[in-house]
Amino acid sequence: MPFPEYRPRRLRRTESLRRMIRETRLTADAFIYPVFVRAGKEPRPIPSMPGQSQITVDGAVKVAEECARAGVPAMILFGVPDDDKKDAVGSYAWNDEGLVQRAARAIKKAVPDVTVMLDACFDEYTSHGHCGVVVDGDVDNDATLENLGRVALSQARSGCDVIAPSGMMDGGVGFIRDTLDEEGFDHVAILAYSAKYASCFYGPFREAAGTASGFGHRKSYQMDPANGHEAIREVTLDVEEGADMIMIKPALAYLDVIARVRDEIDLPVAAYNVSGEYAMLKAAAERGWIDHDRAVLETLTAIRRAGADLILTYHALEAARLLAAGKTL
Ligand code: PBG
C-alpha cells in the first residue's frame, strides 16, 4: 500500500526546484531606507542601531547615491535638530530651511531618481517630544492638524515626492491632501502611517532622533497593540481621506495585521520594520546567536509574504547588497 500519495518533499529536493516554486520574491524594489539627518558637519553613530548613524545634509546625498547604486528606490528622512531649534509646537518642522527640507532639495538635485519621502510629524521638533500641540497634558488633535498643513506645504516646496504623516492624528491625511491640492501640489503623494501602534519597539528610534517624551506616553494617539479590527477602521479612513499608500507599523509583531489589511485594501501596503526590530536582530547576531544575513533575508521575506508591498527598513542597503550578491534564504 503506497503511502502517502502526495509527498510535498518531492518539490524541495533541489535548489532549482525550490527556486521555481518559491511564492515570495524579495527584491530591493520593495525597500525604503530610513535615515536621520542631523545639524553640523559630522555624522554621529547611533549606539543602539549598529551600522546606522545620524548623517549630515551632505551625507544624505551620499547615501542617496549609495541607494541608487544598490537598487534601493526610496529613502525616508527624519530630522534631528539641535535642542535650540525645539519649541512647544515644533515649528522647526515647517521651516523651509530645516534639515529634511534641505536634504530633500539636495537629493532631488543630485540623484533625482531616488524617491524622497519626508516624515511629517512633530516629535523630533517639540521640546516635550510629543507628536503635536499639547493642551492639558494631551496632544490636541485639531490644533495639530493646522500645523500639519504647514509642515506638508513646506515639505512639498522642498521637492519631496511623498509625505508620510506619522502622528496618528484623526483627519490628518484628508487635511494634508486638501492643503496640498489647494496650493498646487496635487502631484505629491501621501504614505499614511495608518495603523501605528503604541509600541515598545520604537525605543532605539527615540534615542536616534532624540524624541523620548518628556512626560506621559503616546497611547492617546497611537493604537493599542491588542487591537486588530481597529486597524482596518484606521486604514479605511485614510483611504477615504485620499492616502496613496498605507502603512502598518511595527512589522514583526503585527504580521497578522499586515495580512488582514492586504486582504481588505487594494492600495500599496507598506510595513515599517522598526528600530527595535533592527536592534534585536543586530544584538543577537553580534553575540553569534543567529546568522545575521539569513535573519535579515528571512525577516524581510516574511514581511513581504504577510502582504506588504513595501518595507521601510534600516536593513535596506545591506539587504539589497546581499540580494545582488545572490544570497538566498
Ligand atoms: C514618530 C515616529 C516614530 C518612529 C518614526 N516616526 C515612533 C515614535 O517615536 O512614536 C519610529 C521608527 C522606528 O522605531 O524605527 N514621529
Side-chain angles (χ1 to χ4, degrees), residues 32-64 66-67 74-108 114 116-132 147-148 150-152 154-155 158 160 162-167 191 193 196 199 201-214 218 222 249-250 272-279 282 312-317:
I32 300 165
Y33 189 38
V35 300
F36 302 94
V37 184
R38 75 182 296 263
K41 297 252 172 293
E42 295 298 324
R44 183 182 285 169
I46 303 165
S48 55
M49 299 176 70
Q52 304 300 311
S53 295
Q54 297 173 353
I55 57 179
T56 63
V57 171
D58 295 342
V61 175
K62 295 205 179 71
V63 172
E66 282 181 60
C67 285
M75 296 165 69
I76 183 164
L77 313 183
F78 298 92
V80 190
D82 290 334
D83 281 345
D84 62 0
K85 295 282 190 295
K86 300 188 182 191
D87 60 25
V89 296
S91 60
Y92 190 70
W94 65 84
N95 185 322
D96 284 355
E97 293 306 315
L99 291 163
V100 297
Q101 286 89 343
R102 275 158 48 209
R105 270 199 296 278
I107 293 170
K108 289 313 296 185
V114 170
V116 174
M117 306 188 170
L118 296 182
D119 183 83
C121 197
F122 298 96
D123 55 330
E124 296 117 83
Y125 306 105
T126 50
S127 37
H128 45 69
H130 277 283
C131 297
N147 290 343
L148 206 48
R150 298 186 170 104
V151 174
S154 173
Q155 294 187 341
S158 78
C160 72
V162 179
I163 293 176
S166 67
L191 166 61
Y193 285 70
K196 176 174 176 182
S199 169
F201 294 108
Y202 308 145
F205 173 92
R206 292 186 185 165
E207 179 195 34
T211 67
S213 301
R218 302 187 186 198
Q222 298 180 351
K249 175 181 177 183
Y272 200 142
N273 176 215
V274 299
S275 57
E277 298 170 340
Y278 177 87
K282 291 285 175 186
L312 295 89
T313 178
Y314 304 98
H315 296 297
L317 274 178

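In this chain, residues are counted from 1 in sequence order. Everything numeric in this text was worked out from a predicted model, so none of it was measured.
Using a 4.5 Å cut-off on side-chain heavy atoms (C-beta onward), Asp123 and Phe205 make contact. Looking only at side-chain heavy atoms (C-beta outward), His315 and Tyr278 come within less than 4.5 Å of each other. Residues Tyr272 and Lys196 form no side-chain contact, since every pair of their non-hydrogen atoms from C-beta on lies 4.5 Å or further apart.
In this structure, Gln54 contributes its side chain and Ala208 its backbone to a donor-acceptor pair below 3.5 Å. Checked by atom type and distance alone, the side chain of His130 never pairs as donor or acceptor with a backbone atom of Arg218 at under 3.5 Å.
Shortest non-hydrogen contact noted between Val274 and Pro250 is CG2-CB, 3.7 Å. Val61 and Ala106 get closest at one heavy-atom pair: CG2-CB, 3.6 Å. Residues Val114 and Lys108 come closest through the heavy atom pair O-NZ, 2.9 Å. Of all heavy-atom pairs between Pro34 and Gln52, the closest is O-OE1, 4.4 Å. Scanning both residues, Thr56 and Pro43, for their nearest heavy atoms gives CG2-N, 4.1 Å. In plain terms, the two heavy atoms of Cys121 and Gly167 that are nearest each other are SG-CA, 3.8 Å.
Sorted by first then second residue, the side-chain hydrogen bond (donor to acceptor under 3.5 Å, both in side chains) pairs that include residues 88-100, not counting sequence neighbours, are Asp87-Ser91, Asp96-Ser154, Asp96-Arg157, Glu97-Arg105.
For the side-chain hydrogen bond (donor to acceptor under 3.5 Å, both in side chains) test, residues two or more places apart in sequence or in another chain that qualify with Glu66 are Arg321. In this structure Ala152 satisfies the side-chain contact (heavy atoms from CB on, under 4.5 Å) test together with Ile163, Ile176, Leu180, sequence neighbours excluded. Every residue two or more places apart in sequence or in another chain was checked for a salt bridge (charged side-chain N to carboxylate O under 4.0 Å, His left out) with Glu42, and none qualifies. For Asp119, there are no salt bridge (charged side-chain N to carboxylate O under 4.0 Å, His left out) partners, not counting sequence neighbours.
Considering CZ of Arg102 and OG of Ser158, their distance stands at 12.0 Å, rounded to 0.5 Å. Rounded to the nearest 0.5 Å, atoms CD (Glu277) and CZ (Phe201) are 6.5 Å apart. The CD1 atom of Ile32 sits 11.0 Å away from atom SG of Cys67, with the distance rounded to the nearest 0.5 Å. Phe122 CZ to Asn147 CG: the interatomic distance, rounded to the nearest 0.5 Å, is 5.0 Å.
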- [ ] In sequence, state the C-alpha distance, the side-chain angles, and the governing distance for Gln222 and Tyr202, and then conclude on side-chain contact (heavy atoms from CB on, under 4.5 Å).
- [x] CA-CA 12 Å; Gln222 298 180 351; Tyr202 308 145; 3.6 Å; yes

Result block: side-chain N/O donor-acceptor pairs under 3.5 angstrom for residues 74-84, not counting sequence neighbours:
none

